[in-house]
Amino acid sequence: MINKILLLVSFLISSFCSSQIVINELDADTPGSDILEFIELKSATPNFSLNGYVLVFFNGGSTSPYSGSSSYFALDLDGYSTDVNGIIHFGNSTVSPTPAMTFPITTIQNGPDAVALYLGNATDFPLNTFATAVNLIDSLAYSNSATTQPTSLITIFGITVCTNENQTLAAATKSIQRKNDGTYEVKTPTPGVPNDGSGITFNYITLTTNLQTITEGQSLQITCTASQAITTSPLVLNFTLNNGAFNSSDYSGSLTITIPVGVTTGTSTIQILNDGVNEGDEEMLIVMATPSSSYLLNNNSLIIRVEDINFTTLPFGTPANPTYGQVVSTKPLGYYDSIEGLSGAALKQGLQNIIANPTIIHGHTYGDLQVILKKADQNPVNSNQVWLIYTEQPRSKIDFQTGNSIIGKWNREHIYCQSRGGFADATSGTPAGINVWSPAGPDIIATGHSDAHHIRAVDGQENTIRNNRNYGVDYNGPTGSTTNSWKGDVARALFYMGVRYNALNVVNGNPADTVVGQIGDLAILLQWNQLDPADDFEMNRNNFIYTWQVNRNPFIDYPSLADYIYGANYGQPWFSTLSTEATEKIKVGLYPNPAKDFIRISGLQQEAEVDFFDMKGNKVLSTKINDNNLISINFSAGIYLVHINSGNQSISKKLIVE
């Protein structure tokens with residue numbers, strides 16, 4: 001029996017040690033200000049790529065907000081690789097040799113905690129992510145006390161031993177190091193080299209830039225830093241920048257960095273060119289060529305976002321700062337004539353006959369929605385961005401989610417949830433184009449999977465939080481948010497779906513998610529329809545979707561229809577004259593433009609409220625003026641959108657500040 005146990009233990013140790021990459025050394029607790037913190041990995045083979053790996057640090061204590069077993073820091077390892085010794089280390093700027101990646105002093109907590117190596121990305125582990133063994137490669141539990149251990153983390157990761165870094169008073173200057181047999185010991189730190197003293201000593205080269213996001217017309221400093229001063233002859237490092245559509249026509253400057261003898265740093269300045277053409281935001285990929293064998297690249301690539309300055313704007317506001325009446329409905333003449341004078345069920349049926357006519361309406365694919373939303377949900381302030389519902393903020397169009405990570409990405413949100421609608425994954429994910437379509441009558445529920453009238457651009461994380469919860473009674477937007485600017489949009493999208501498809505209903509209360517064909521809460525949605533009236537953004541969206549689907553959302557054209565079909569006016573005859581007339585566009589001039597210190601607005605007939613927004617949608621100034629009043633503008637140089645509202649009239653104009 002003893003022999004069997006020994007055999008099993010031997011097998012487990014052998015299997016554990018055979019991992020391609022493991023946590024090799026950790027220094028989490030050092031005297032004073034917790035300087036010299038680092039973590040080191042070791043691969044079984046040299047020059048092992050770390051693409052697809054992530055290091056995650058978990059808090060094992062019970063102190064809020066990291067209670068018990070939640071993440072507090074994650075390091076994405078894409079672009080890094082181990083050296084010829086199979087070693088790579090990450091730490092703060094005080095660690096020598098220079099870590100492949102640096103993080104602030106005191107980042108690593110002293111314990112009782114754990115660190116884990118996963119297959120994945122840092123975006124998969126936002127702050128306070130609960131620990132998991134899924135995709136786990138290796139883990140280390142540690143403490144700075146003999147009496148405390150991260151019990152929950154030990155259980156989750158299946159760890160048998162928690163190592164106390166401070167085993168003695170002298171151990172305060174030690175680190176936890178993996179031995180060749182897979183166990184750990186505490187001894188003098190050896191960052192960047194094998195723990196047993198073997199291997200080759202390298203001069204490490206680290207790639208950095210002064211900016212992570214850059215705008216056309218700006219310059220980027222690309223720096224290479226050696227961990228030791230260069231000896232004998234200058235070190236010449238070459239790199240490339242091309243990535244997809246981003247190529248040599250988009251920049252100028254030397255693609256070579258030279259580090260002279262006796263110093264550790266060399267820099268090249270790259271000018272990002274403004275070609276005067278809006279090609280959309282792009283990404284530059286800096287890739288370093290492999291240097292001579294006596295040097296090692298800590299990181300060989302970086303992605304830099306390049307924002308195109310030549311974006312265009314639209315003459316209306318965002319949902320967060322709406323305008324009204326500037327975008328006119330493009331409904332064909334007589335489009336709604338057939339419902340004049342109808343009431344109750346006949347009114348609803350008459351409306352369905354218009355928006356679900358199987359001989360007219362076009363059904364497209366889920367893949368087409370990516371194309372449709374980039375236009376329908378375009379940020380009015382910047383044509384290279386989409387506007388996200390719920391969070392009410394812009395995001396670059398190139399940040400569309402294509403992989404598993406949802407952090408910082410946008411996706412397609414079904415206002416009438418897929419599971420509640422019964423049309424989950426019902427159409428192809430491949431774009432077919434505007435000229436390829438299928439008949440889409442009121443009983444073809446699959447069309448709801450790709451019906452753009454109820455599908456919006458949305459933040460990936462918020463999309464997950466929203467899930468399939470009912471509106472009003474269960475979901476009211478992002479936590480802590482007080483904005484109401486998306487609520488009417490949601491209500492009108494759901495009213496449309498309830499008329500468009502025979503199998504779908506908008507009901508009172510909080511129906512269970514197991515009841516297919518029901519979503520709520522109708523009473524609250526009717527209130528939202530009043531609270532957040534249809535604006536220019538919605539009307540523009542309605543007009544564009546009509547060009548694809550050849551149907552409209554009538555509750556955007558006539559929001560009061562909701563009360564005649566779902567609300568207090570049910571049973572009363574509907575006439576289009578009952579709807580509210582759209583506001584008119586004010587005719588004014590803005591000068592000087594470009595401007596430096598002030599502007600004036602001419603043509604006002606009465607007092608106006610003037611709001612200034614930067615290209616991210618942030619309001620930077622709000623004031624009330626009369627005709628030709630001087631407005632001081634203490635803004636940074638750039639492009640701004642000016643919303644002018646006077647009485648029931650409004651307009652938006654672009655302002656260039658020099």
Side-chain angles (χ1 to χ4, degrees), residues 16-17 19-30 34-51 53-58 73-111 113-118 122 136-142 144 157 159 161 163-165 171 173-206 227-228 296-300:
F16 187 63
C17 292
S19 175
Q20 280 291 317
I21 186 80
V22 294
I23 298 170
N24 196 52
E25 186 172 356
L26 175 69
D27 194 343
D29 189 11
T30 54
D34 267 348
I35 60 174
L36 304 175
E37 297 173 334
F38 72 92
I39 184 168
E40 179 182 271
L41 302 179
K42 182 178 181 181
S43 60
T45 56
N47 303 313
F48 182 80
S49 173
L50 297 178
N51 288 338
Y53 288 88
V54 59
L55 273 169
V56 185
F57 294 82
F58 293 92
F73 183 55
L75 283 176
D76 199 299
L77 306 184
D78 286 349
Y80 293 89
S81 60
T82 61
D83 59 25
V84 296
N85 295 323
I87 298 292
I88 188 170
H89 70 295
F90 311 95
N92 59 51
S93 58
T94 62
V95 176
S96 181
T98 303
M101 183 197 310
T102 59
F103 45 75
I105 291 173
T106 72
T107 293
I108 301 179
Q109 298 183 10
N110 295 340
D113 296 318
V115 58
L117 179 67
Y118 290 95
L136 179 68
I137 301 300
D138 193 20
S139 59
L140 170 64
Y142 63 93
N144 60 353
F157 296 140
I159 298 172
V161 176
T163 305
N164 175 17
E165 183 179 340
T173 59
K174 309 296 183 181
S175 67
I176 301 170
Q177 301 180 32
R178 185 186 185 90
K179 297 194 293 185
N180 292 333
D181 64 2
T183 62
Y184 289 92
E185 62 181 336
V186 175
K187 63 177 188 178
T188 301
T190 60
V193 298
N195 297 337
D196 60 7
S198 63
I200 303 170
T201 302
F202 288 99
N203 194 345
Y204 295 93
I205 308 299
T206 300
S227 58
Q228 304 169 36
L296 182 70
L297 294 175
N298 273 332
N299 54 323
N300 62 0

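Computation of the quantities below employed the complete heavy-atom set of this structure, encompassing side-chain atoms and omitting hydrogens, waters and symmetry-equivalent molecules. Index from 1, following the sequence.
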### Task
Verify whether the ring centers belonging to Phe58 and Phe73 lie closer than 6.0 Å.
no
### Query
Does the side chain of Leu140 come within less than 4.5 Å of Leu26's, by heavy atoms?
yes
### Message
Before you tell me yes or no, could you show the steps for Glu25 and Ile39 under side chain to side chain contact (heavy atoms under 4.5 Å, CB included), namely the whole-Å CA-CA distance, both residues' side-chain angles and the distance that decides it to 0.1 Å?
### Response
CA-CA 6 Å; Glu25 186 172 356; Ile39 184 168; over 6 Å; no
### Query
Partners of Tyr204 by side chain to side chain donor-acceptor pair (under 3.5 Å), sequence neighbours excluded?
Asp83
### Task
Return the minimal non-hydrogen interatomic distance between Glu165 and Asp29, and the atom names on each side.
OE2-O, 2.9 Å
#### Entry: Atom pair CG (Leu296) and CD1 (Ile205), whose distance is rounded to the nearest 0.5 Å
8.5 Å
### Message
Let me confirm one number: the CE-CG distance from Met101 to Leu55, rounded to the nearest 0.5 Å.
### Response
8.5 Å
### Query
Looking only at heavy atoms, which two atoms of Ser49 and Ser81 are closest? And how far apart?
CA-CB, 3.9 Å
### Query
Just how far is it from atom CD of Glu185 to atom OG1 of Thr163, taken to the nearest 0.5 Å?
10.5 Å
### Query
Can the ring centroids of Tyr80 and Phe90 be said to lie less than 6.0 angstrom from one another?
yes
### Query
If we only count heavy atoms from C-beta on, is the Tyr118 to Val56 side-chain gap below 4.5 Å?
yes
### Query
Looking only at atom types and distance, does a side-chain atom of Lys187 sit under 3.5 Å from a main-chain N or O of Asn195, one as donor and one as acceptor?
yes
#### Entry: Candidate pair Ile159 and Ser139, rule side chain to side chain contact (heavy atoms under 4.5 Å, CB included), full reasoning
CA-CA 8 Å; Ile159 298 172; Ser139 59; 3.4 Å; yes
### Query
Is the closest side-chain heavy-atom distance between Asp78 and Leu50 below 4.5 Å?
no
### Query
Are Gln228 and Asn203 linked by a side-chain donor-acceptor pair shorter than 3.5 Å?
no
### Query
Are the side chain of Asn85 and the backbone N or O of Pro194 linked by a donor-acceptor pair below 3.5 Å?
no
### Message
Are the side chains of Leu136 and Leu117 in contact, using a 4.5 Å heavy-atom criterion?
### Response
no
### Residue pair Asn92, Thr102: steps toward the side chain to side chain contact (heavy atoms under 4.5 Å, CB included) verdict
CA-CA 5 Å; Asn92 59 51; Thr102 59; 5.9 Å; no
### Task
Answer whether the closest heavy-atom distance between the side chains of Gln20 and Ser43 falls below 4.5 Å.
no
### Message
Taking Ser175's backbone N and O only, do any of them form a donor-acceptor pair with Asp27's side chain (distance below 3.5 Å, no angle check)?
### Response
no
### Minimum side-chain heavy-atom gap Gln177-Val186 below 4.5 Å
no
#### Entry: Under the side chain to side chain donor-acceptor pair (under 3.5 Å) test, residues paired with Thr206 that sit two or more places apart
Asn298
#### Entry: Glu37 side chain vs Ile108 backbone, donor-acceptor pair below 3.5 Å
yes
### Message
Contact between Thr82 and Ile21 at the side-chain level, heavy atoms closer than 4.5 Å - yes or no?
### Response
yes
### Message
The criterion is side chain to side chain donor-acceptor pair (under 3.5 Å); which residues satisfy it with Thr188, sequence neighbours excluded?
### Response
Lys174
### Task
Could you tell me whether the side chain of Glu40 and the main chain of Gly192 form a donor-acceptor pair under 3.5 Å?
yes
## Note on the structure
Distance col, row Phe103:CZ vs Phe57:CZ, nearest 0.5 angstrom, shows 5.5 Å
### Message
Let's go through Leu75 and Val54 carefully: what are the C-alpha distance in whole Å and the side-chain angles of both, what is the deciding distance for side chain to side chain contact (heavy atoms under 4.5 Å, CB included) to 0.1 Å, and is it a yes or a no?
### Response
CA-CA 6 Å; Leu75 283 176; Val54 59; 5.6 Å; no
### Summary
Which of Ile176, Ile137, Leu41 passes side chain to side chain contact (heavy atoms under 4.5 Å, CB included) with Ile23? It is Leu41
### Query
Taking the six-membered ring for Trp, are Tyr142 and Tyr184 ring centroids under 6.0 Å apart?
no
### Message
If you define the side chain from C-beta out and look only at heavy atoms, does anything of Asn51 sit under 4.5 Å from Leu77?
### Response
no
